[in-house]
Amino acid sequence: MDYPGPLARLIDELSKMPTVGPKTAQRLAFHILRLPPEEARALAEAIVDVKAKMRYCSVCFTITDVDPCATCADPARRDDVLCVVEDPRDVLALERTREFRGRYHVLHGAISPLDGIGPDDLKIAELLARVRDGAVREVIVATNPRVEGEATAIYLARLLKPLGLRVTRIAHGLPVGGDLEYADEVTLARALEGRRDL
C-alpha cells in the first residue's frame, strides 16, 4: 500500500536523517500526523527557525545565533588557553563540565584521507591565524580518541609547537564507575599513560 503523497514525502524526508531508518521515519511521521495542529506547526516553525537563525561563530566556529558566540564574547574567559575540538557538540559537552574557562576552536572534522578529508578541509588555517597574535600560550587538543582524531592531534602539534606554544592533549582512559576487567587494552594503556600524582 502506498502512502498518500504528503505522508510519503514526510516519511521520505525523515528517513534522510542520521540513524533514522524507514521504520523509524514511518513511526515519527505517524506521530506527527497525530499531533494537534498547533504542536505540528510549532515543530515545523522550530525547524525553519533553526535553519534561518543558526550560523557558525566567526571567531571559534561553533554554532550560535549571535556573532560572536556567547563564549567568545565573555570577557571573563581566559584568552591564553585555547581548546581545539572536532565538532560544535564537543564544545557543549566540555561546557557541561564547568571546568574549562578558556576559549574554543572548532575544526569541523578530523583529518581522514580515506574519506577525502585533508587539513585544508578543516578550520586549521583559521586556528593558526588565531594563535599568531601572541595571546594564546597553550592549545589543548581535544579531538576524539580514534585514528582520525589522533592523526589530527599529531598534525596540529607539529604545526603549533614551532610557534612556541604549549600543546597538550586531553587524557584518555577509564570512565568513572568502569571496571578494569571490561576495559580494552588500548583504553587501559591510555589510562596508564595519562596517570597523575595523587
Which heavy atom in Ala153 sits nearest to a heavy atom in Thr143, and how many Å separate them? CB-OG1, 3.8 Å
Heavy-atom count check: over 12 atoms from other residues, nucleotides or ligands less than 6.0 Å from Arg55 CZ? yes
Please step through side-chain contact (heavy atoms from CB on, under 4.5 Å) for the pair Leu94 and Cys83, ending with a clear verdict. CA-CA 10 Å; Leu94 287 164; Cys83 183; 3.7 Å; yes
Closest non-hydrogen atom pair, Val66 against Ala70: CG2-N, 4.5 Å
Scanning both residues in full, the closest heavy-atom pair of Ile11 with Pro22 reads CG2-O, 4.5 Å
Is there side-chain contact between Leu10 and Leu28, with at least one heavy-atom pair below 4.5 Å? no
Gap between atom CD of Glu126 and atom SG of Cys60 - 0.5 Å precision: 12.0 Å
Heavy-atom pair of closest approach, residues Gly116 and Asp121: O-OD2, 3.4 Å
Determine whether more than 12 heavy atoms belonging to other residues, nucleotides or ligands lie under 6.0 Å from atom CZ of Phe100. yes
Is there side-chain contact between Leu156 and Val167, with heavy atoms separated by less than 4.5 Å? no
Mind checking whether Ile170 and Val81 sit in one hydrophobic cluster, side chains of I, L, V, M, F, W, Y counted as touching below 4.5 Å? yes
Taking His108 for its side chain and Phe61 for its backbone only, find out whether a donor-acceptor pair lies under 3.5 Å. yes
If you define the side chain from C-beta out and look only at heavy atoms, does anything of Leu14 sit under 4.5 Å from Ile32? yes
Please lay out, stage by stage, how Glu138 and Ile140 fare under the test side-chain contact (heavy atoms from CB on, under 4.5 Å). CA-CA 6 Å; Glu138 178 183 3; Ile140 302 168; 3.7 Å; yes
Is it the case that the side chain of Ser112 and the backbone of Ile117 share a donor-acceptor pair, with hydrogens and angles ignored and the cut-off at 3.5 Å? no
Are Ile124 and Leu159 close enough that some pair of their side-chain heavy atoms sits under 4.5 Å apart? yes
Can you tell me if CZ on Arg101 sees more than 12 non-hydrogen neighbours from other groups inside 6.0 Å? yes
Is there a side-chain contact between Leu127 and Leu122, using heavy atoms and a 4.5 Å cut-off? no
Does the pair Tyr3 and Arg9 meet the rule for a side-chain contact (heavy atoms from CB on, under 4.5 Å), with working shown? CA-CA 9 Å; Tyr3 293 110; Arg9 180 176 174 225; over 6 Å; no
Find the distance between CG (Asp90) and CG (Leu107) and round it off to the nearest 0.5 Å. 9.5 Å
When rounded to the nearest 0.5 angstrom, what distance separates CG in Asp74 from CZ in Arg103? 6.5 Å
Taking it one step at a time, do Val136 and Asp80 satisfy side-chain contact (heavy atoms from CB on, under 4.5 Å)? CA-CA 4 Å; Val136 176; Asp80 62 333; over 6 Å; no
Rounded distance (nearest 0.5 Å) linking atom CD of Glu13 with atom CD1 of Ile47: 10.5 Å
Tell me whether Leu92 is reachable from Val106 by hopping between hydrophobic residues (I, L, V, M, F, W, Y) whose side-chain heavy atoms are closer than 4.5 Å. no
For residues Ile63 and Val85: do they belong to one hydrophobic cluster (side chain heavy atoms under 4.5 Å, members Ile, Leu, Val, Met, Phe, Trp, Tyr)? no
Is the closest side-chain heavy-atom distance between Lys51 and Val48 below 4.5 Å? no
Looking only at heavy atoms, which two atoms of Ile111 and Pro119 are closest? And how far apart? CD1-CG, 3.9 Å
Under 4.5 Å between any side-chain heavy atoms of Leu82 and Tyr104, yes or no? no
Which distance, rounded to the nearest 0.5 Å, do you find between the CZ of Arg41 and the CD of Glu45? 7.0 Å
Residues, nucleotides or ligands: over 12 heavy atoms within 6.0 Å of Arg146 CZ: yes
Which heavy atom of Cys69 sits nearest to which heavy atom of Cys57, and what is that distance? N-SG, 3.3 Å
Residue Met17 excluded, over 12 heavy atoms near CE under 6.0 Å: no
Find out whether Tyr56 and Thr62 are in side-chain contact, i.e. whether some heavy atom of one side chain is under 4.5 Å from a heavy atom of the other. no
Rounded at 0.5 Å granularity, tell me how far NZ in Lys23 sits from OG in Ser15. 13.0 Å
Verify, without hydrogens or angle tests, whether Arg169 (side chain) and Val141 (backbone) share a donor-acceptor contact under 3.5 angstrom. yes
In one Ile/Leu/Val/Met/Phe/Trp/Tyr side-chain cluster, 4.5 Å: Leu7, Leu35: no
If only side-chain N and O atoms count, and only distance matters, is there a donor-acceptor pair under 3.5 Å linking Glu86 with Thr152? no
Between Asp79 and Ala135, is there a donor-acceptor pair closer than 3.5 Å when you use the side chain of the first and the backbone of the second? no
Donor-acceptor contact present, side-chain Arg137 to main-chain Gly134, <3.5 Å: yes
